[in-house]
J.: 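Structure below; questions to follow.
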Amino acid sequence: MSEVRKAVQKLYNTYPFPPDPLMDEPPSGYNWRWHYQSAYNFCTGIKPNQDKVRILDAGCGTGSGTEYLMLHNPHAEIMAIDISEKALETAQKRIDKSGILKEFKGSITFKQMPLETAVTLEGTFDLINCVGVLHHLPDPDAGIKALAEKLAVGGIMHIFVYGELGRWEIQLMQNAIAILQGDKRGDYVDGVKVGRDIFASLPPENRLVKREKERWQWENKRDESFADMYVHPCETDYNLNTLFEFIESSGLEFIGFSNPDIWQIERLLSNNSDLMSRAKELTEKQRYRLIELLDPENITHYEFFLAKAPLTKHTWQDDNVLKQAKPELNPCLFGWPSKNLLDYQFKPVVIDDADFVFMEHCAKNTSGELTVADILNQVNYSLDQTRSLIEKQLIMLNLQD
Ligand SMILES: C[S@@+](CC[C@H](N)C(=O)[O-])C[C@H]1O[C@@H](n2cnc3c(N)ncnc32)[C@H](O)[C@@H]1O
């Protein structure tokens, strides 16, 4: 095993991450990025035809995300891998304690192995989740390539990696701790102590202290989080340009950011029509770069979906195709039945009476008996109104017989 990987393994054996407490019940709520149907719908505009999917959680840590994968995909075959045996032990304890195994009808396997050797795993995966891991590999390109090889054709991959602009103060602090640790680098308990002492010693108006207080302090109360942030032995931070080089190295298709709201130029320039029309002329990548240059402190990470082509996207512009589709509610929705809902991203949405009535029919359509045309024959609603619900991802459609 490489020296760097050993150092990373030692960090997570000392401080397994995430330090979420073990609970007596399965998690509540939802995270649509881990819900295969909802995530596939986001990527393609259509509900997938299958729910007995194969999922790889690459670098699962203590299993908080893995448990959500189980909760949202109760018929899936899930493989969760990590290099830290301590993190894996906690992950196993987490699912044993919460009782999720009683509800889960699929299979779950935890395995200690580096994701760079994923090629040795049997078969391919429909969904690969890799959150907070690739930026800790000595060679992230090799890691993403290994995962890309295991993605099924038409499969989707969710990735989260760090961004350099919003982590500038973190990088400075990491370097400062390393200098003061000297020969003790690699002693992570000492690193946490040195880091906490530095913060306690710096004046309150110091930039590093201010950033820690305004942005990270709450999560960094736990030493596991503090260590993960400030005393990591291996970290690559990206900017938009290096991110897209990284994505290109995978050979996969970029589908879109999974926090799309932050990547809207309107939120920064909408009060100047000339700047907005100039921004509209840019390529998608140039526009994203502009956003991070103008709003650096908010770009602390990149989270996005990639896919292995071909992945057909549905826009539902053809009236006849839309009429034949079978609609149902997006399972990642909070507050239904009500006209005040939280959507898949937990954003408040208010729907009107007509939307509500149409959605009531969708909610009952779990076995897919009714097409959009069938429902429109019963209610006063239009195809364009239906398209608006699709766009907001309040409903999803399929074309299955
Ligand atoms: C920051 S934690 C993220 C855990 C989890 N994905 C989450 O988001 O909650 C990073 C995890 O990646 C694991 N890891 C680091 N390098 C790895 C590698 N080469 N192969 C597999 N896992 C690795 C670490 O052991 C650690 O548990």
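Values below: all heavy atoms of this structure, side chains included; hydrogens, waters and symmetry mates excluded. Whatever order the structure lists them in is the order used to number ligands and atoms, beginning at 1. In what follows, residues are counted from 1 in the order of the sequence shown.
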J.: Nearest to atom 11 (C) of ligand 1, what protein heavy atom do you find, and at what distance?
T.: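 The closest heavy atom on the protein side is Asp82 OD2, 3.7 Å.
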J.: Would the number of heavy atoms belonging to other residues, nucleotides or ligands and lying under 6.0 Å from NZ of Lys313 be above 12?
T.: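 Buried by this count: over 12 neighbours within 6.0 Å.
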J.: Salt bridge or not between Asp141 and Lys145? Use side-chain N to carboxylate O under 4.0 Å.
T.: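 A salt bridge is absent here (no side-chain N lies under 4.0 Å from a carboxylate O).
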J.: Is there side-chain contact between Val153 and Pro310, with heavy atoms separated by less than 4.5 Å?
T.: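 The answer is yes; the side chains approach within 4.5 Å.
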J.: Considering Asn129, Leu115, Val133, Val4, which one's heavy-atom position lies nearest to atom 20 (N) of ligand 1?
T.: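 Comparing heavy atoms across Asn129, Leu115, Val133, Val4, the nearest one to atom 20 (N) of ligand 1 lies in Leu115.
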J.: Can you name the atoms of ligand 1, numbered from 1 with element, that are less than 4.0 Å from a heavy atom of Ser84?
T.: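 It comes down to these atoms of ligand 1: 25 (O).
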J.: Answer yes or no: is there an ion pair linking Asp261 with Arg267, defined by an N-O contact shorter than 4.0 Å?
T.: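 Result for this pair is no, no salt bridge flagged.
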J.: Please state which protein non-hydrogen atom is closest to atom 10 (C) of ligand 1 and give its distance, to 0.1 Å?
T.: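 I find the closest protein heavy atom is Gly132 O, 3.5 Å.
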J.: Tell me, please: is Ile81 in heavy-atom contact with ligand 1, that is, under 4.0 Å?
T.: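 Distance cut 4.0 Å: Ile81 fails for ligand 1.
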J.: Return the option from Ala118, Gly59, Pro114 holding the heavy atom at the smallest distance from atom 4 (C) of ligand 1.
T.: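 The option holding the nearest heavy atom is Gly59.
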J.: Report yes if Glu116 has an N/O atom closer than 3.5 Å to an N/O atom of ligand 1; otherwise report no.
T.: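 Yes.
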J.: Going by an N to O cut-off under 4.0 Å, is there a salt bridge joining Lys193 and Asp197?
T.: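 Judged by the 4.0 Å cut-off on N to carboxylate O distance, Lys193 and Asp197 do form a salt bridge.
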J.: Provide the number and element of each atom of ligand 1 under 4.0 Å from a heavy atom of Gly61.
T.: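 In order of numbering, the contacting atoms are 4 (C), 27 (O).
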J.: What protein heavy atom sits nearest atom 2 (S) of ligand 1, and how far away is it?
T.: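 Minimum-distance protein heavy atom for atom 2 (S) of ligand 1 reads Phe17 CD2, 3.7 Å.
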J.: Ion pair present between Arg222 and Asp20, side-chain N to carboxylate O less than 4.0 angstrom?
T.: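 No.
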J.: Of all the atoms in ligand 1, which lie at a distance below 4.0 Å from a heavy atom belonging to Leu137?
T.: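 Heavy-atom distances to Leu137 below 4.0 Å select 16 (N), 17 (C), 18 (C), 19 (N).
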J.: Do me a favour and list the nearest non-hydrogen protein atom to atom 3 (C) of ligand 1 with residue, atom name and distance?
T.: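 Nearest neighbour among protein heavy atoms for atom 3 (C) of ligand 1, to 0.1 Å: Val131 O, 3.5 Å.
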J.: Kindly give the heavy-atom pair with the smallest separation between Leu147 and Ala118, and that separation in Å.
T.: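 So the minimum-distance heavy-atom pair works out to CD2-CB, 4.3 Å.
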J.: Give the numbers and elements of all ligand 1 atoms closer than 4.0 Å to a heavy atom of Asp228.
T.: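 Numbered from 1, ligand 1 contributes 1 (C).
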J.: Using heavy-atom distances, let me know which of Ile83, Asp20, Thr66, Asp57 sits nearest atom 16 (N) of ligand 1.
T.: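 Considering heavy atoms of Ile83, Asp20, Thr66, Asp57, the nearest to atom 16 (N) of ligand 1 sits in Ile83.
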J.: For Gly65, is the nearest heavy atom under 4.0 Å from an atom of ligand 1?
T.: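 It does not, in that no heavy atom of Gly65 comes within the 4.0 Å cut-off of ligand 1.
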J.: Please list the nearest protein heavy atom to atom 9 (O) of ligand 1 with its residue and the distance rounded to 0.1 Å.
T.: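 I find the closest protein heavy atom is Pro18 CD, 3.2 Å.
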J.: At under 4.0 Å between heavy atoms, which part of Cys60 makes contact with ligand 1: side chain, backbone, both or neither?
T.: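 The backbone, only.
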J.: For the residue pair Leu71 and Glu67, establish whether any side-chain heavy-atom pair is separated by less than 4.5 Å.
T.: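 Of all side-chain heavy-atom pairs linking Glu67 with Leu71, none is under 4.5 Å.
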J.: Tell me, please: is Ser64 in heavy-atom contact with ligand 1, that is, under 4.0 Å?
T.: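 Checking ligand 1 against Ser64, which is what was asked, there is no heavy-atom contact under 4.0 Å.
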J.: Taking 4.0 angstrom as the limit, do Lys339 and Asp353 come out as a salt bridge?
T.: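 A salt bridge links Lys339 with Asp353.
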J.: Of the options Phe254, Tyr40, Phe160, Trp32, which is the one that meets Phe305 in a ring pair (Phe, Tyr, Trp, His ring centres under 6.0 Å)?
T.: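 Answer to the ring pair (Phe, Tyr, Trp, His ring centres under 6.0 Å) test with Phe305 among Phe254, Tyr40, Phe160, Trp32: Trp32.
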J.: Which pair of heavy atoms, one from Leu115 and one from Ala58, lies closest together, and at what distance?
T.: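 For Leu115 versus Ala58, the nearest heavy atoms are CD2-CB, 4.1 Å.
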J.: Tell me whether ligand 1 is touched by Gln9 - counting only heavy atoms on the residue side and a distance under 4.0 Å.
T.: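 No.
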